[in-house]
Visitor: 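If you scroll down you'll find the structure; I have some questions about it.
Residue numbers count from 1 along this sequence.
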Amino acid sequence: SWTDRDWFARRFGHHKLQAKRTLFGQKAFRRDGESATVTLAELDKQTRTEHVIVLDERAGQSKEEDMLLSDIAYDFTPPDFFPGQSRVLSFGGGPSGVRFMKHGEAWLS
């Protein structure tokens, strides 16, 4: 279920994000460059201090991130009143921003 954090981690945790999107992945990014990745499961353990947004942006999106968004879209269909097909995943929290924005995850349409 989408409301079960453990289910989400089991279902999508294997997907990879670009390490440069995260603070904790910066060491790997400096060592390995653009090929450095972190898994969504690793990011999930850091959500109190980390926040990433992955969206359809062909210039900056990795193949792995496209696979993540496609896999999520396979399991989740937005309501009909949301026109278009722009995929956005906002995941994590962190100390920055205003208080009401510090949530675990959200879909933005």
Visitor: Hey, any chance Val52 and Met67 share a hydrophobic cluster, counting ILVMFWY side chains that come within less than 4.5 Å of each other, even indirectly?
Guide: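 No, no single cluster joins them.
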Visitor: Measure the CG-OG1 distance between Leu43 and Thr39 for me, rounded to the nearest 0.5 Å.
Guide: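 Here the interatomic distance stands at 8.0 Å.
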Visitor: So do the side chains of Glu42 and Phe24 get within less than 4.5 Å of each other, counting heavy atoms only?
Guide: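 The answer is yes, as the side chains (C-beta and beyond) meet within the 4.5 Å cut-off.
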Visitor: Using side-chain heavy atoms (C-beta onward) and a distance below 4.5 Å, is Arg5 in contact with Asp44?
Guide: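 With C-beta onward as the side chain, the pair touches.
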Visitor: Going from OG on Ser70 to CG on Asp75, what distance comes out if it is rounded to the nearest 0.5 angstrom?
Guide: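 Spacing of OG (Ser70) from CG (Asp75) equals 12.0 Å.
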Visitor: State, without any angle test, whether His51 and Ser90 hold a side-chain donor-acceptor pair at a distance under 3.5 Å.
Guide: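 Yes, Ser90 and His51 have a side-chain donor paired with an acceptor closer than 3.5 Å.
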Visitor: Measuring from Glu64:CD to Leu17:CG, what's the distance to the nearest 0.5 Å?
Guide: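 These two atoms lie 9.5 Å from each other.
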Visitor: Do you know the tightest heavy-atom contact between Ala36 and Ala28?
Guide: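 The answer is CB-O, 3.4 Å.
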Visitor: How long is the gap from CZ on Phe12 to CG on Leu69, to the nearest 0.5 Å?
Guide: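 The CG atom of Leu69 is 10.5 Å from CZ of Phe12, to the nearest 0.5 Å.
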Visitor: Looking at side-chain heavy atoms only, is the closest gap between Val54 and Arg87 below 4.5 Å?
Guide: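 Of all side-chain heavy-atom pairs linking Arg87 with Val54, none is under 4.5 Å.
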Visitor: Looking at Ala19 and Gly25, what are the two nearest heavy atoms and their distance?
Guide: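 The answer is CB-O, 3.5 Å.
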Visitor: At what distance, to the nearest 0.5 angstrom, does CG of Leu40 lie from NE2 of His14?
Guide: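 So the CG of Leu40 and the NE2 of His14 are separated by 9.5 Å.
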Visitor: Less than 4.0 angstrom from a charged side-chain N to a carboxylate O is my criterion; do Glu65 and Arg21 meet it?
Guide: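 Looking at Glu65 and Arg21, the cut-off is met.
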Visitor: Give me each pair satisfying side-chain hydrogen bond (donor to acceptor under 3.5 Å, both in side chains) with a member in residues 27-37, each pair once, sequence neighbours excluded.
Guide: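 Residue pairs with at least one partner in residues 27-37: Lys20-Glu34.
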Visitor: Taking the ring of Phe8 and the ring of Phe91, is the distance between their centroids below 6.0 Å?
Guide: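 When the ring centroids of Phe91 and Phe8 are compared, they turn out to be within the sub-6.0 Å range.
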Visitor: Is there side-chain contact between Gln61 and Leu55, with at least one heavy-atom pair below 4.5 Å?
Guide: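 The answer is no, as the side chains (C-beta and beyond) never meet within the 4.5 Å cut-off.
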Visitor: Taking only residues two or more places apart in sequence, or in another chain, which ones meet Gln46 in a side chain to side chain donor-acceptor pair (under 3.5 Å)?
Guide: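 Applying side chain to side chain donor-acceptor pair (under 3.5 Å) to Gln46 gives none.
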